[in-house]
Amino acid sequence: MSWLSNFTRPMINTLFSRRETPENLWTKCESCGTMLFHRELSDALNTCPNCDHHMAITPRERFAALFDGGVFSEVKVPDPIADPLHFRDQKKYPDRMKEARKKTTEHEAMLVGEGDLGGLKIVAACQDFSFMGGSMGMFVGNAIIAAAERAVALHAPLILFSAAGGARMQEGILSLMQMPRTTVAVQMLKEAGLPYIVVLTHPTTGGVTASYAMLGDVQIAEPNALICFAGPRVIEQTIREKLPEGFQRSEYLLDHGMLDRVTHRKDLRDELATITRMMMKEPARSHGDLPAPVVEETPQDQAEAIIEEVKAEDAAVPSEDAPKA
Amino acid sequence: MQNYLDFEKGLAEIEGKAAELRALSADDAKMDIGDEASALDRKAATLLSDLYDDLSPWQKAQVARHPMRPHCKDYIEALFTEYMPLAGDRNFAEDLAVLGGLARFNDQPVVVIGHEKGSDTTSRISRNFGMARPEGYRKAVRLMDLADRFGLPVITLVDTPGAYPGKGAEERGQSEAIARSTEKCLTIGVPLVSVIIGEGGSGGAVAFATADRLAMLEHSIYSVISPEGCASILWKDAEKMREAAEALRLTAQDLHKLGVIDRIIEEPTGGAQRNRDDAIQRVGRAISAMLGELAGKDADTLRKNRRQKFIDMGKKGL
């Protein structure tokens, strides 16, 4: 694990993903139909400036918007054994994985990063709905455990962004076992007295909701996110009646006492910084420009510093040849 | 009256013929059918044991759901004494899909909790077919808490198609209730042993089965999703449940290989539904053995080992 792979690559990736010319410069808002220019959309963190509809955002974009200066380093997640059940439906599971990797250019459905938020060290984990529906398999379990372990090691809060259709069926019972596994991870944080904050994003359903996504010390959701255990279609089939307007959406859950807050994506960063600082008993953050992130010294910097030091020492040592006073 | 499953048709015919012969001979004392009837019986017995030695995953799912299989209530009545049911979640309601209370197991006071599917139309409806609502899981959390404070081991019996997918259940926080129940399983400092006696359906089962020791009856199932549900999502055809059951590896035998369960409890020939008392006694012996393995361990050790067990899970495939 070198500085290069830990720090530079995520930065470079973020820069690159932003610079790429989008194939489509215009996006139509799925909710109000407004045509949105790509720059306007990305400045608004993929929310519609017209109707506040929240569209999907990749974990890397989210981290770029979350951490101070968009700087974070990736926390390494151990890879689980691949295809433990030799699962095959209409396609083989390894083939589905390959497709998802190609489509998203990500390794798996969760990204874990560490960095500063409002000047406070935090660990964040973000689920990627575009990768096989963000499904919770062994990798996601490992990612949450790695995130919790890293948070405990740094004595830092963990912020988790959930987005998933549920468990990864292709890993069968082993995906189900991520419910207790991730619960153990949450307990690690509790026992270390560290805040665990969950941000539920669209959609968060099934076994994910029934484990780590509902066990936060503070539960925040983005507006109008679908959050449920059983999906609306399954319920309609079971009870054979029409469900009320807004059923299982963030605001409905807030009304029913299942969430602490519903927060617009553009306000999330400030809110999370305020909450984590209070929970960590840190003084209030001074508003205005945030301090630049502390950049670790590079080997190059270190070498230069040593040379400088040696030079200074040389200068301070009186030369043998100098005449004695 | 035996309820035959679709793959038991051949067996039903033979057993039917034997019964017919016996009925005929009862009418006519001169008829000597002894040899023929017992030949049919022998044939039926061989067929039955052949069938059950080699059940496919889908057939096991059908056996696991068999209406005549002993249910939670039957196990509690037969294996426990002084059962004192305790009701309610103290917030909203009493959920009859979850049974639980104080009882003695081999004279030792314990807390027993389980899903109950019901045994006739009336009780099936009142038990909601074993599909718990949030109140059921919150009652379980309350009972596990009680066990923890008084140092009583917890025994859970799992038999549910899954948590109930209903409007009220969602509004009252089905997912939170399940998450808290799983969390409570991982927090208590008393032994927690669990047996899957029929269907272990997804999150609704995990909420009770996150145990120090987990056993499964030989023909029970434990799965992330029902074979029908998986088939309709991945095959886009609910009729592909046979393929889905195969792919999901939901049998006790596969789960034991994967290290998800600790022991398999053999069922009487032809499944627990054919010899209920024997099946119940076998489960009782397994619970005894599992409690024995945990005896004398202090709270911290139990918690630590239980958590480690789940952290380590999934390191081996099939």
Side-chain angles (χ1 to χ4, degrees), chain A residues 80-91 138 141-142 145 166-181 183-188 205-215 227-232 234-235 237-239 241 243-244 247-248 252-253 256-258, chain B residues 162-167 169-183 185-187 200 202-207 209-210 222-225 229-231 233-236 240 243-244 246-250 254-255 258 260-261 303 306-311 313-318:
Chain A
I81 46 171
D83 194 15
L85 308 184
H86 314 298
F87 194 95
R88 179 183 193 141
D89 49 87
Q90 288 171 310
K91 282 179 195 156
M138 290 189 288
N142 284 357
I145 291 168
R168 187 170 290 173
M169 277 176 285
Q170 291 86 349
E171 291 180 16
I173 194 78
L174 294 176
S175 73
L176 194 65
M177 289 301 109
Q178 304 315 309
M179 289 176 63
R181 280 187 94 217
T183 305
V184 174
V186 176
Q187 285 175 332
M188 289 177 194
T205 70
V208 170
T209 331
S211 55
Y212 59 90
M214 272 292 164
L215 293 173
I227 302 162
C228 60
F229 178 66
V234 175
I235 296 174
Q237 281 165 9
T238 312
I239 63 173
E241 58 179 277
L243 293 167
F247 183 65
Q248 298 179 324
Y252 197 91
L253 267 80
H256 284 81
M258 291 297 148
Chain B
Y164 183 61
K167 179 170 166 276
E170 289 286 321
E171 286 174 342
R172 298 191 301 276
Q174 185 70 289
S175 39
E176 197 258 1
I178 293 172
R180 295 282 170 210
S181 183
T182 313
E183 187 185 40
C185 287
L186 288 162
T187 315
S202 194
V206 171
T210 304
Y222 187 20
S223 178
V224 64
I225 187 169
C230 180
I233 296 173
L234 291 181
W235 278 264
K236 316 255 182 269
K240 297 275 189 225
E243 288 85 339
E246 200 87 39
L248 281 166
R249 311 282 181 173
L250 42 66
D254 278 340
L255 297 177
L258 285 166
V260 171
I261 65 165
R303 255 191 299 264
R306 196 181 304 139
R307 290 178 189 181
Q308 199 57 45
K309 171 184 168 181
F310 286 94
I311 290 284
M313 209 168 267
K315 289 199 169 145
K316 59 177 183 175
L318 283 175

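Remember, predicted model here, so these are calculated numbers, not experimental data.
Only the side chain of A:F247 comes within contact range of chain B, judged by heavy atoms closer than 4.5 Å. For A:L85, the parts sitting under 4.5 Å from any heavy atom of chain B are the backbone and the side chain alike. For a residue to count as touching a neighbouring chain, one of its non-hydrogen atoms must lie under 4.5 Å from one of that chain's; by this rule A:Q178 does not touch chain B. Both the backbone and the side chain of A:P180 have a heavy atom closer than 4.5 Å to some heavy atom of chain B. For A:T238, the part sitting under 4.5 Å from any heavy atom of chain B is the side chain, from C-beta outward, and nothing else. Proximity to chain B is limited to the side chain of A:M138, based on heavy atoms less than 4.5 angstrom apart.
Top candidate by heavy-atom pairs under 4.5 Å with chain A, chosen from B:G200, B:A244, B:S202, is B:S202. Heavy-atom pairs under 4.5 Å with chain A peak, among B:Y222, B:F310, B:W235, at B:W235. Ranked by heavy-atom pairs shorter than 4.5 Å toward chain B, the options A:L174, A:L215, A:V208, A:T183 are led by A:L215. Annotation: maximal heavy-atom pairing with chain A below 4.5 Å, among B:G173, B:G317, B:A207, B:S175, occurs at B:S175. Chosen from B:T187, B:V206, B:L255, the residue pairing most often with chain A at heavy-atom distances under 4.5 Å is B:V206. Ranking B:T182, B:L186, B:T210, B:L248 against chain A, the residue ahead of the rest is B:L186, based on heavy-atom pairs under 4.5 Å.
When atom types are taken as modelled, the side chain of B:E170 and the backbone of A:C228 share no donor-acceptor pair closer than 3.5 angstrom. No donor-acceptor pair under 3.5 Å is formed between the side chain of B:R307 and the backbone N or O of A:V184.
Side-chain polar atoms of A:Q187 and B:E183 form no donor-acceptor pair below 3.5 angstrom.
Around NZ of B:K240, the count of heavy atoms belonging to other residues, nucleotides or ligands within 6.0 Å does not exceed 12.
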Verify side chain to side chain contact (heavy atoms under 4.5 Å, CB included) between B:I233 and A:M169, making sure each step is shown before the conclusion.
-> CA-CA 10 Å; B:I233 296 173; A:M169 277 176 285; 3.5 Å; yes

